[in-house]
There are 4 protein chains.
Amino acid sequence: MRESTLSLKERQRQQREQLILHASEEILLEKGYHEMCMDEVAARVGIAKGTLYLHFSRKEDLVLALLELQMQAILLNVQEAVSAPGSVRSRLETLLATSYMRLKGEHGRLFYALFGAVELRPLLRSRHHALLDQLLSSLEVLLNEGKASGEFDPAIPTTIMLHTFSSLLASYPFKRLLLEETVTPEELVQYVGKIFFRGVANPQRAYVESLA
Amino acid sequence: MRESTLSLKERQRQQREQLILHASEEILLEKGYHEMCMDEVAARVGIAKGTLYLHFSRKEDLVLALLELQMQAILLNVQEAVSAPGSVRSRLETLLATSYMRLKGEHGRLFYALFGAVELRPLLRSRHHALLDQLLSSLEVLLNEGKASGEFDPAIPTTIMLHTFSSLLASYPFKRLLLEETVTPEELVQYVGKIFFRGVANPQRAYVESLA
Amino acid sequence: MRESTLSLKERQRQQREQLILHASEEILLEKGYHEMCMDEVAARVGIAKGTLYLHFSRKEDLVLALLELQMQAILLNVQEAVSAPGSVRSRLETLLATSYMRLKGEHGRLFYALFGAVELRPLLRSRHHALLDQLLSSLEVLLNEGKASGEFDPAIPTTIMLHTFSSLLASYPFKRLLLEETVTPEELVQYVGKIFFRGVANPQRAYVESLA
Amino acid sequence: MRESTLSLKERQRQQREQLILHASEEILLEKGYHEMCMDEVAARVGIAKGTLYLHFSRKEDLVLALLELQMQAILLNVQEAVSAPGSVRSRLETLLATSYMRLKGEHGRLFYALFGAVELRPLLRSRHHALLDQLLSSLEVLLNEGKASGEFDPAIPTTIMLHTFSSLLASYPFKRLLLEETVTPEELVQYVGKIFFRGVANPQRAYVESLA
DNA sequence: AATGAATGAGGGTTCATTCAT
DNA sequence: TATGAATGAACCCTCATTCAT
């Protein structure tokens, strides 16, 4: 009985926290970090300002929590994609697909709202550099695998491949394209994949393939 | 006499405006839009705050002017590159080179400082969309030229090519790479060019070339 | 049965009240009235904040209760000293001794923590003026007794004697001296007693004594 | 012209600063440090809140400035009294007189308002301990002089004399007495002086005097 | 034209007190 | 009875913008 009571309270608490996070994200997307004010978050959730501070003791904590959630989700996506079966190309394309879906949805836009707040940078760096690095190294492993299997051109430094790929993974131009619905995420994956994988393909193997 | 007096005054005015813009850019890069305060701009230029407002009647106007300058410079670069002689590829590579130099320098970083201020977005849009569009159409012309000459793959929609190229033109991952001096702008141009142009190359012609 | 149950509960209640008062005093001494917050009191006692309000319905009441206890204790001391056998001087010296011990201990410092909170003054006045007055009149009786017995100089108004004595009874300079352990309470009683009693001594009697 | 303009502005500034300090002192006396709010200070002076911050950049600075003024004035009084001609007793009585006048006036009460704010203590200590120490050593010099000249009892430690005197110099009981106008400052000086100087008088010399 | 003092709205955060469970 | 989540008023401080000189 008591247990269920506690977990009910706890569940309500979690629920409210979700509402707060949701409202914050909304406002963040509309107005950015500075323009978002705690009064409005509270008002939009329908709670008092003080209540907000029972969940997040600083404005920073609120957006950091939001970001943490996003990054965890992304990292999870990356890890799933990376450890999936199939060719390196297909796995990277899965990543592109995930990212473009995200870019189109609200979550993806959050990053753009937050990365702009220069004063958050120190916080973002100190708490999330690790995550970003992890993300990049996962990709790196995959790209090296592609090189080892002869799929990718060994003449192109992995660093460059890596950063080129991540430039294509989350870019402002693509975000606009997707939001304007000029292309679907699927089309984008198809064409960007085509360009990138042709671009990094091992010419040797291409030659062999062209013979086939 | 009067004219020369006026033009002297005018010249001084212009000079001071430059100083203001320069100081603003500095602070903007250091602290971002919100952290930059008008007192500090005035102090750094060595004028009174009121005087600032004789040049720019809003904080927004100040940064917008800065951005305008940047965009004009970029547009000029683009137009020069576009109308230069040579192959489409070489002209686009010139663009990449210009952009990567910029990314490495202070000017390039300005965009990141400004794009983050979400509340500037409406302004940026309303006043600069035109410029961005102009930039994109210049590139589009070039890409279409490449397609027409058989250099680029007609199977890839120009829009996609265009946005892929602009994703590679100014991306956060590349900015980091350049700032950390992991690669030189020249290397980056070389490899990114390689990837992109192989990626969008006309397979037909590649076949012809491979026959050659 | 019921009675003993009630009285058990009541005893527990009293006990908790003591704990609350104790914790409050601790915090009050550490941080002063404003810095003391109800959350911390509750936390230090190990009860919920709501429970605090079952005992003291305002923060003010809490510290007032504390003060009341102190004043009762002081009054008791004064009354004991006043009604003790011995010379007026010896009885007043007992009072000095008690006060200096208190000044050195935690309880004495409480007054300084509270008297500073100017907003408590109205409360202190309205509820404790009576007590202070009682204290002063007890002393006054004693001093008048000293005058009547020829021990004290009748030329010095009793009011002045009284307030001079109470200035020496509890003073900030002495508090510091005692806390820094520059002197012991005993030494202080000895010397301050010497100064005060010589100061108020009846010169007539001193003459007589000097003849003796 | 220009000079007079500047000094006019400067004079206005100083004047306003005085108004601010005066208003703050008033409120401080009425409500104490915590209850005093910057809005009210501004309102009472008749300026905007922001203007306040052009003069004092923190609430703390405001009250510290007030205190500094007081302490400087007190120190000046002490130094004047100490270096005046006349007997040690007459010089110390001048000090008592000055202090009791102050205690009766608004300024004297300020100390009581401020010393209570426990959180100001660190500031008070770090910035004013030096002044207090200077004050105490000035007094100490004087008392030692009195001892050397045979005026004071060498058997009483100077430290005790010093702190006894300062207990009588500024005490809460005397403040009340003076405010209630039960006694005049002059009477108080006369009687307290009598008590103190009899109390610390050299018995040897008293004996000699009694012979005379 | 240049100044810089004055303005005042606005925002983050705290905490005594209440009240549903 | 005991709890502790919820409340919201209050407060300090910042800074873009104005305007009298």
Side-chain angles (χ1 to χ4, degrees), chain A residues 2 5-6 8-10 12-13 16 33-43 45-62, chain B residues 9-10 12-13 16 33-43 46-62, chain C residues 9 12-13 16 33-43 46-62, chain D residues 2 5-6 8-10 12-13 16 34-43 45-62:
Chain A
R2 180 150 267 262
T5 303
L6 278 177
L8 170 63
K9 271 197 173 179
E10 186 50 25
Q12 286 180 331
R13 188 189 154 78
R16 173 121 57 169
Y33 178 68
H34 278 99
E35 242 57 20
M36 159 180 141
C37 83
M38 297 302 264
D39 287 78
E40 190 179 354
V41 176
V45 179
I47 58 177
K49 208 176 357 171
T51 310
L52 227 48
Y53 283 84
L54 295 179
H55 292 265
F56 302 95
S57 57
R58 319 214 140 255
K59 188 184 177 189
E60 277 172 355
D61 292 350
L62 181 51
Chain B
K9 274 197 172 181
E10 184 53 28
Q12 287 180 330
R13 190 188 151 77
R16 191 160 47 195
Y33 178 68
H34 278 98
E35 240 56 20
M36 160 179 140
C37 82
M38 298 303 263
D39 286 78
E40 191 180 353
V41 176
I47 58 177
K49 210 176 1 171
T51 311
L52 221 53
Y53 281 86
L54 296 178
H55 290 265
F56 302 96
S57 59
R58 321 210 133 255
K59 187 184 175 188
E60 278 170 353
D61 292 349
L62 180 51
Chain C
K9 272 198 173 180
Q12 287 181 331
R13 191 188 149 78
R16 190 160 48 195
Y33 178 68
H34 278 98
E35 240 57 18
M36 159 178 140
C37 83
M38 298 303 264
D39 286 79
E40 192 180 351
V41 176
I47 58 176
K49 208 174 3 170
T51 311
L52 222 51
Y53 280 86
L54 297 177
H55 290 264
F56 302 95
S57 59
R58 320 210 133 254
K59 189 185 177 187
E60 280 170 353
D61 293 349
L62 180 51
Chain D
R2 179 150 269 263
T5 303
L6 278 178
L8 171 64
K9 270 197 173 179
E10 186 51 26
Q12 287 180 331
R13 190 190 152 77
R16 174 118 60 166
H34 277 97
E35 242 55 20
M36 158 178 141
C37 86
M38 297 304 263
D39 286 78
E40 189 180 354
V41 176
V45 179
I47 58 177
K49 209 186 344 181
T51 310
L52 226 50
Y53 284 84
L54 295 179
H55 292 264
F56 303 95
S57 58
R58 317 213 143 253
K59 187 185 176 188
E60 278 172 354
D61 292 350
L62 181 51

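Reminder, nothing fancy here: chain letters follow the sequence lines and each chain counts from 1.
Under 4.0 angstrom from either OP1 or OP2 of F:dT1 there lies no side-chain N or O belonging to C:R13. Checking the phosphate oxygens (OP1, OP2) of E:dA5, no side-chain nitrogen or oxygen of D:T51 falls inside 4.0 Å. For E:dA2, one of the phosphate oxygens OP1 or OP2 lies less than 4.0 angstrom from a side-chain nitrogen or oxygen of B:R16. At the phosphate of F:dA16, neither OP1 nor OP2 sits under 4.0 Å from any side-chain N or O atom of B:R58.
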query = Can you give the dot-bracket line for DNA chain F, using ( ) for pairs inside the strand, [ ] for pairs that cross earlier ones, | for pairs with another strand and . for unpaired bases, where Watson-Crick and G-U count if both distances are under 3.5 Å?
reply = .||||||||||||||||||||
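Remark: A:R13 pairs with A:E17 by the salt bridge (Lys or Arg N to Asp or Glu O under 4.0 Å) rule, at least two apart or across chains. Legend: residues meeting salt bridge (Lys or Arg N to Asp or Glu O under 4.0 Å) with A:K49, ordered by chain and number and at least two apart, are A:D39.
Scanning all heavy atoms of the two residues, the minimum distance from B:Y53 to B:M38 falls at OH-CG, 3.6 Å. Contact record, C:H55 with C:R16: NE2-NE, 3.3 Å, taken as the closest heavy-atom pair.
Put simply, CG on A:D61 and CZ on A:F56 are 8.5 Å apart, with the number rounded to the nearest 0.5 Å. In this structure, NZ in B:K59 is found 6.0 Å from NE2 in B:H34, a value given to the nearest 0.5 Å.
The separation between A:F56 atom CZ and E:dG12 atom C1' is 16 Å, rounded to whole Å. Atom OH of B:Y53 and atom P of E:dA2 are 17 Å apart (whole Å). Rounding to whole angstrom units, CG of residue B:L52 and P of F:dT18 are separated by 13 Å. Whole-Å rounding puts the D:K9 NZ to F:dA20 P distance at 13 Å. When the P atom of F:dG4 is taken as reference, atom NE2 of A:H55 falls 15 Å away, rounded to whole Å. Residue C:M36 contributes atom CE, which lies 12 Å from atom P of E:dC15 at whole-angstrom precision. Rounded to an integer number of Å, the gap from CG of C:D39 to C1' of E:dT18 is 14 Å. Atom P of nucleotide F:dA16 and atom NE2 of B:H34 are separated by 9 Å, given to the nearest angstrom.
Comparing C:S57 and B:L54 against DNA chain E, the residue whose closest nucleotide sits nearer the 5' end is B:L54. Comparing A:G46 and D:G50 along DNA chain F, the residue whose closest nucleotide (by nearest heavy atom) sits nearer the 5' end is A:G46.
For B:C37, the side-chain atoms get nearest to F:dA16 when compared with the rest of E:dA16, F:dA16, E:dG12. The side chain of B:I47 sits closest to E:dT3 out of F:dT3, E:dT3, E:dC15.
Between the side chain of C:K49 and the base of E:dT17, a donor-acceptor pair under 3.5 Å is found.
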